[in-house]
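Everything on this sheet refers to the single structure shown next.
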Amino acid sequence: MNEPKTSNRTEAEMISAILGGETQVFHDLIRPHERSVYLMALSYMKNEADAEDVAQEAFVRAFRHLASFRAESKFSTWLISITLNEARTRLRRKMLVPMDSLDTPPDEDQHVSPALLRDWREIPSEAVERGEIRKLLQDAIACLPDIYRQVFLLRDVEEMNINETAAALNIGVPNVKVRLHRARMMLQKQLAPQLKAATQQSRRRWFPWS
Amino acid sequence: MVIDCKHVWNFISDYLDGTLTEEVRTVVQKHLEHCEICSAVLDSTRNVIILTADDRVFELPVGFSERLHARIDLELEEYRGE
């Protein structure tokens, strides 16, 4: 593979280069977005193999339709929309899930009460190195209703802003806020007690002095 | 204005994102200063968000990138052949 001076180019420059015939540049263009596309595909497909298929197909479609990309939206947002469309099409084709379960708006009056803990002690990021803790986090996110999980993944895992998230999911900003709030509260409710229990058992391993 | 715990919970997400109006933020902040339970809710929510955002939580399947770029190469070849 020839490696031209792509590393310092902006996304817009890479896109013009690709459209101008330097198609190899597409490899560099998509590299930063592999994880977010895969995660969104996984959030719909629920298994790694299908998620990988959807992710590949989404990138291929992005290449084929690159000329229709409009620079006023962000490339990442555009990619996520393509990914979600691809995932929805596949699910519809497979008839695995009734589609309204993916698109039903949340019940606006539904409140989520958090877990109440008197003495919360911060759990340091090193905890994520433990497989058991990663599994707790993954399972809790997987258990969120689809519409909450999608917003949560884009906002809090992929760190998109509210407007980008709204654009990628094709929903309004107020909906992003409501769904994000519920997702965070649901996760706090489930995870705070679990994480507390899991880290207390082994606190000695991290804080030998305590 | 004084608000109870249940109302404070409704504002946790916006509080963390810094999107509350100045007035509401001040009220929530005051409550948090002397409510141990709500402070723990806030701290644990923030902590959960930080942990789930860690890159190590979700990793790409082994070989994902290689397979993706091989697929893209096929597509590029096809494109050039057209």
Side-chain angles (χ1 to χ4, degrees), chain A residues 1 23-24 26-27 30-31 34-35 38-39 42 48-49 51-52 55-57 59-60 63-64 111-125 127-129 133-134 137-138 140-141 152-153 155-159 162 177-178 180-185 187-188 190-192 195-196, chain B residues 4-21 24 28 32 34-82:
Chain A
M1 215 173 81
T23 52
Q24 282 297 327
F26 191 71
H27 288 287
I30 63 173
R31 229 162 242 130
E34 289 175 16
R35 207 176 87 107
Y38 173 75
L39 274 189
L42 184 63
E48 291 192 357
E52 182 164 345
Q56 286 192 2
E57 200 53 41
F59 284 118
V60 167
F63 175 72
R64 290 181 189 160
H111 284 274
V112 184
S113 299
L116 306 180
L117 309 152
R118 255 166 216 291
D119 48 342
W120 177 259
R121 286 217 234 163
E122 196 187 314
I123 295 167
S125 290
V128 176
E129 279 161 21
I133 301 290
R134 278 202 301 277
L137 298 169
Q138 290 164 353
I141 293 173
F152 180 79
L153 284 174
R155 276 287 286 132
D156 284 345
V157 178
E158 292 308 317
E159 296 171 348
I162 290 179
K177 288 190 174 188
V178 169
L180 180 64
H181 175 72
R182 298 217 176 112
R184 286 168 167 178
M185 288 295 107
L187 290 175
Q188 187 275 355
Q190 180 171 346
L191 283 170
L195 290 168
K196 194 179 167 191
Chain B
D4 61 22
C5 295
K6 282 193 176 175
H7 281 96
V8 170
W9 303 339
N10 289 334
F11 295 125
I12 294 279
S13 190
D14 281 321
Y15 184 86
L16 288 170
D17 285 341
T19 49
L20 288 174
T21 62
V24 178
V28 171
L32 288 167
H34 30 248
C35 179
E36 200 190 335
I37 290 178
C38 289
S39 309
V41 171
L42 178 78
D43 291 344
S44 56
T45 306
R46 184 192 286 124
N47 204 168
V48 161
I49 293 172
I50 292 170
L51 294 176
T52 48
D54 194 292
D55 280 350
R56 291 168 289 189
V57 175
F58 291 102
E59 283 171 346
L60 288 171
V62 176
F64 175 91
S65 278
E66 289 76 4
R67 291 190 293 276
L68 170 64
H69 289 278
R71 171 82 204 274
I72 296 295
D73 273 329
L74 283 180
E75 176 67 21
L76 299 185
E77 266 169 45
E78 223 170 90
Y79 174 83
R80 278 192 297 267
E82 268 171 17

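Naming convention: chains lettered A, B, ... in sequence-line order (proteins, then strands); numbering from 1 in each chain.
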Report the option among [options] that has the most heavy-atom pairs separated by less than 4.5 Å from atoms of chain B.
| options | result |
| --- | --- |
| A/Glu129, A/Arg64, A/Arg134, A/Gln56 | A/Gln56 |
| A/Leu137, A/Leu191, A/Val157 | A/Leu137 |
| A/Leu187, A/Val128, A/Asp119 | A/Val128 |

Least distance between heavy atoms, [X] atom then [Y] atom:
| X | Y | value |
| --- | --- | --- |
| B/Val41 | A/Ala115 | CG2-O, 3.9 Å |
| B/Glu75 | A/Phe63 | CG-CD2, 3.8 Å |
| B/Glu36 | A/Arg118 | OE2-O, 3.2 Å |

Is it the side chain or the backbone of [X] that comes within 4.5 Å of chain A heavy atoms, both, or neither?
| X | value |
| --- | --- |
| B/Arg46 | neither |
| B/Asn47 | side chain |
| B/Ser39 | neither |
| B/Leu68 | both |

For this session: For each of B/Val48, B/Leu60, B/Leu74, tally heavy-atom pairs with chain A at distances under 4.5 Å, and name the one with the top tally.
Result: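 The candidate making the most pairs under 4.5 Å is B/Leu60.
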Exercise. When heavy-atom pairs shorter than 4.5 Å are enumerated against chain A, which of B/Lys6, B/Arg56, B/Glu59 gives the highest number?
Worked result: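 Winner by heavy-atom pair count: B/Arg56.
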Is chain B contacted by the side chain of [X], its backbone, both, or neither, given a heavy-atom distance below 4.5 Å?
| X | value |
| --- | --- |
| A/Phe59 | both |
| A/Leu180 | both |
| A/Ala140 | neither |
| A/Glu34 | both |
| A/Glu158 | neither |
| A/Ile30 | side chain |

How far does [atom1] of [X] sit from [atom2] of [Y], to the nearest 0.5 angstrom?
| X | Y | atom1 | atom2 | result |
| --- | --- | --- | --- | --- |
| B/Phe64 | A/Glu52 | CZ | CD | 5.5 Å |
| A/Ile133 | B/Asp54 | CD1 | CG | 12.0 Å |
| B/Leu51 | A/Ile123 | CG | CD1 | 6.0 Å |
| B/Phe58 | A/Ile141 | CZ | CD1 | 4.0 Å |
| A/Arg31 | B/Ser65 | CZ | OG | 7.5 Å |
| A/His181 | B/Phe11 | NE2 | CZ | 9.5 Å |

For this session: Look at B/Asp17 together with A/Lys177 and state whether they make a salt bridge at an N to O cut-off of under 4.0 Å.
Result: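 Salt bridge flag = no for A/Lys177 with B/Asp17.
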Beyond-backbone contact of [X] with [Y], side-chain heavy atoms, under 4.5 angstrom:
| X | Y | answer |
| --- | --- | --- |
| B/Asp73 | A/His27 | yes |
| B/Ile12 | A/Arg184 | no |
| B/Asp43 | A/Arg121 | no |

For this session: Apply the test side-chain contact (heavy atoms from CB on, under 4.5 Å) to residues A/Phe152 and B/Thr52: give CA-CA distance (whole Å), side-chain angles for both, the deciding distance (0.1 Å), then the verdict.
Result: CA-CA 10 Å; A/Phe152 180 79; B/Thr52 48; 3.3 Å; yes
